[in-house]
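Below: one structure, written as structure tokens.
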Amino acid sequence: MAMRHVVLKHVLSAQPRADDFQILEATPPACPDGGVRARVLYVSLDPYVGSRLRGRHMGEAPPAPMREPIPGACVAQVVETRTPDFAIGDVVHTMEGAWADEIAIAAGHARKLDPAMAPLQAHLSALGMPGLTAWAGVTQRARVGADDIVLVDAAAGAVGGAVGQIARIKGARAIGVAGGAEKVRLVVNEYGFDACVDYKAPDWEKALDAALPAAPTLCFENVSVAMLTTMLSRAAPYARVVLCGLVDQYHADAPPPQIPAGLIIGKRAQVLGLVVYDFYPRWSDFLAEAAPWVREGRLRIAEDVAHGLNGAPALFEKLMQGRNIGKCIVAVAEPS
């Protein structure tokens, strides 16, 4: 019986668009030794995948056009197993999934999920890689506490939104920067930030100055060197900077601007690089702390959901253009 998966039509030379993808029928993958074959329930669409599709992410090769499926984190249900660690019907999370009806997961690349812990799709957002990234940056790299003022851009995104919420859980104040009035409302009303500023509005930097209760002690950077410079120029002496991402460079053809070394020196700032892969071994520690926050409604992630693989390309284009509101997820199938 055939299955479907989403592939690239051709090698990409620019930011991905919906018409760069095609859905093909394929033979279901074989169950690997020590691993499982699973039916995909939910697929995560993430900004870094756009970079990976152009061969620009951490040295990872893009999928072969018209042959290999688009990669993505998945929540899936086991339909065949060749390991005593998983039984048929178990629900698992994997970072080695794909935009497909079925996936093969090699040994060591799946985590069994407890469906009673949280809604399954939360394991792609608040309890998934975005939440882990935020937790690692806030609690492990920057070690945020009650005296901190955290300034984070892309605050309506899955990572930025979780950063501010976790900072507030730790007793800090959180100020966000987001693009557009709807995203600002999400950040304040749903995520509970102390304030959020719309960088698309006129005189937004004056609004940012007015929103800050005092100089930020942590700047959490997701977007660009220009935004980092804006935030760091307002930071307190000895502030920390978490460099999580530079989204505006994922599809840029020119090299990024130089990091503002003089400003870093003048602020005596501590710059902390963050690569979430380093924290995959800590996922269980993260879940132990964060799952109660999700159940209590203290850690929330808004979702932008497409139903069925057919909707994945359009939703991904929406994500690439920054038009999404919340975490982008494709609901592929219902659990049995």
task = Go through the steps for Trp99 and Val330 under the test side-chain contact (heavy atoms from CB on, under 4.5 Å), then give the verdict.
result = CA-CA 9 Å; Trp99 301 10; Val330 180; over 6 Å; no

Taking all heavy atoms of [X] and all of [Y], pick out the closest pair and write down the distance.
X	Y	result
Pro65	Val11	CG-N, 3.7 Å
Ala239	Pro216	CB-O, 3.9 Å
Ala98	Val40	O-CG2, 4.4 Å
Val187	Ala178	CG2-CB, 4.4 Å
Asp248	Ser224	OD2-CB, 3.2 Å
Pro63	Pro71	CG-CD, 4.1 Å

Show me, pair by pair, the donor-acceptor contacts under 3.5 angstrom made by side chains of residues 265-281, not counting sequence neighbours?
residue	atom	partner	partner atom	Å
Lys267	NZ	Ser233	O	3.3
Lys267	NZ	Ala235	O	2.6
Arg268	NH1	Gly266	O	2.7
Tyr277	OH	His57	NE2	2.8

Is there a donor-acceptor contact under 3.5 Å from the side chain of [X] to the main chain of [Y]?
X	Y	value
Ser51	Pro47	no
Glu60	Pro62	no
Asp101	Met3	no
Thr83	Phe86	no
Thr94	Cys74	no

Going hydrophobic residue to hydrophobic residue with side-chain gaps under 4.5 angstrom, can you get from [X] over to [Y]?
X	Y	result
Ile301	Val184	no
Leu287	Leu132	yes
Leu127	Leu113	no
Tyr250	Val223	no
Met227	Ile175	yes

key: salt_bridge(Asp90, Lys112) N-O dist < 4.0 Å   = yes

query = Got a salt bridge between Glu205 and Arg234, using NZ or NE/NH1/NH2 to carboxylate O under 4.0 Å?
reply = yes

Is any side-chain heavy atom of [X] less than 4.5 Å from a side-chain heavy atom of [Y]?
X	Y	value
Cys328	Phe316	no
Ile329	Val43	no
Met66	His10	no
Glu221	Met231	yes

Between [atom1] of [X] and [atom2] of [Y], what distance do you get to the nearest 0.5 Å?
X	Y	atom1	atom2	value
Leu53	Met320	CG	CE	8.0 Å
Lys9	Leu24	NZ	CG	10.5 Å
Thr133	Arg141	OG1	CZ	13.0 Å
Asp198	Glu182	CG	CD	11.5 Å
Asp209	Lys206	CG	NZ	9.5 Å
Arg37	Cys31	CZ	SG	7.0 Å

remark   = The ring-ring contact (aromatic ring centres under 6.0 Å, His included) partners of His5 (sequence neighbours excluded) come to none

Hey, can you pull the donor-acceptor pairs under 3.5 Å for the side chains in residues 145-170, sequence neighbours left out?
residue	atom	partner	partner atom	Å
Asp148	OD1	Thr217	OG1	2.6
Asp148	OD1	Arg240	NH1	2.7
Asp148	OD1	Arg240	NH2	3.4
Asp148	OD2	Gly145	N	2.8
Asp148	OD2	Arg240	NH2	3.1
Asp153	OD1	Asn222	N	2.8
Gln165	OE1	Arg300	N	2.7
Gln165	NE2	Gly161	O	3.1
Gln165	NE2	Arg300	O	2.7
Arg168	NE	Gly192	O	2.7
Arg168	NH1	Asp194	OD1	2.9
Arg168	NH1	Asp194	OD2	3.0
Lys170	NZ	Glu289	OE2	2.5

Check: Arg54/Gln15 side-chain N/O donor and acceptor closer than 3.5 Å = no

What residues, two or more places apart in sequence or in another chain, satisfy salt bridge (Lys or Arg N to Asp or Glu O under 4.0 Å) together with [X]?
X	value
Lys183	none
Lys200	none
Arg143	none

key: Residue pairs passing the ring-ring contact (aromatic ring centres under 6.0 Å, His included) test where at least one lies in residues 162-206, sequence neighbours excluded   = none

Please list all pairs meeting salt bridge (Lys or Arg N to Asp or Glu O under 4.0 Å) that have one or both residues in [range], counting only residues at least two apart or in different chains.
range	answer
residues 307-325	Arg17-Glu317, Asp304-Lys318
residues 22-33	Asp33-Arg82
residues 327-336	Asp46-Lys327

task = May I have the step-by-step check of side-chain contact (heavy atoms from CB on, under 4.5 Å) for Tyr42 and His93, ending in yes or no?
result = CA-CA 10 Å; Tyr42 299 99; His93 170 274; over 6 Å; no

message = For Phe286 and Trp135, take the angle between the two ring planes, folded into 0 to 90°, and tell me which bin it lands in: parallel under 30, tilted 30 to 60, perpendicular over 60.
response = tilted

request  = Please step through side-chain contact (heavy atoms from CB on, under 4.5 Å) for the pair Gln121 and Val75, ending with a clear verdict.
outcome  = CA-CA 7 Å; Gln121 63 269 31; Val75 170; over 6 Å; no

message = Checking Ser336 now: which residues fulfil side-chain contact (heavy atoms from CB on, under 4.5 Å) with it, not counting sequence neighbours?
response = Arg39, Gln77

ask   = Taking only residues two or more places apart in sequence, or in another chain, which ones meet Ile259 in a side-chain contact (heavy atoms from CB on, under 4.5 Å)?
value = Val225, Leu228, Ile264

message = Applying side-chain contact (heavy atoms from CB on, under 4.5 Å) to Val7 and Phe21, what does each step give before you reach the verdict?
response = CA-CA 6 Å; Val7 299; Phe21 301 93; over 6 Å; no

query = Taking atom CD of Gln321 as the centre, does the number of heavy atoms from other residues, nucleotides or ligands within less than 6.0 Å exceed 12?
reply = yes

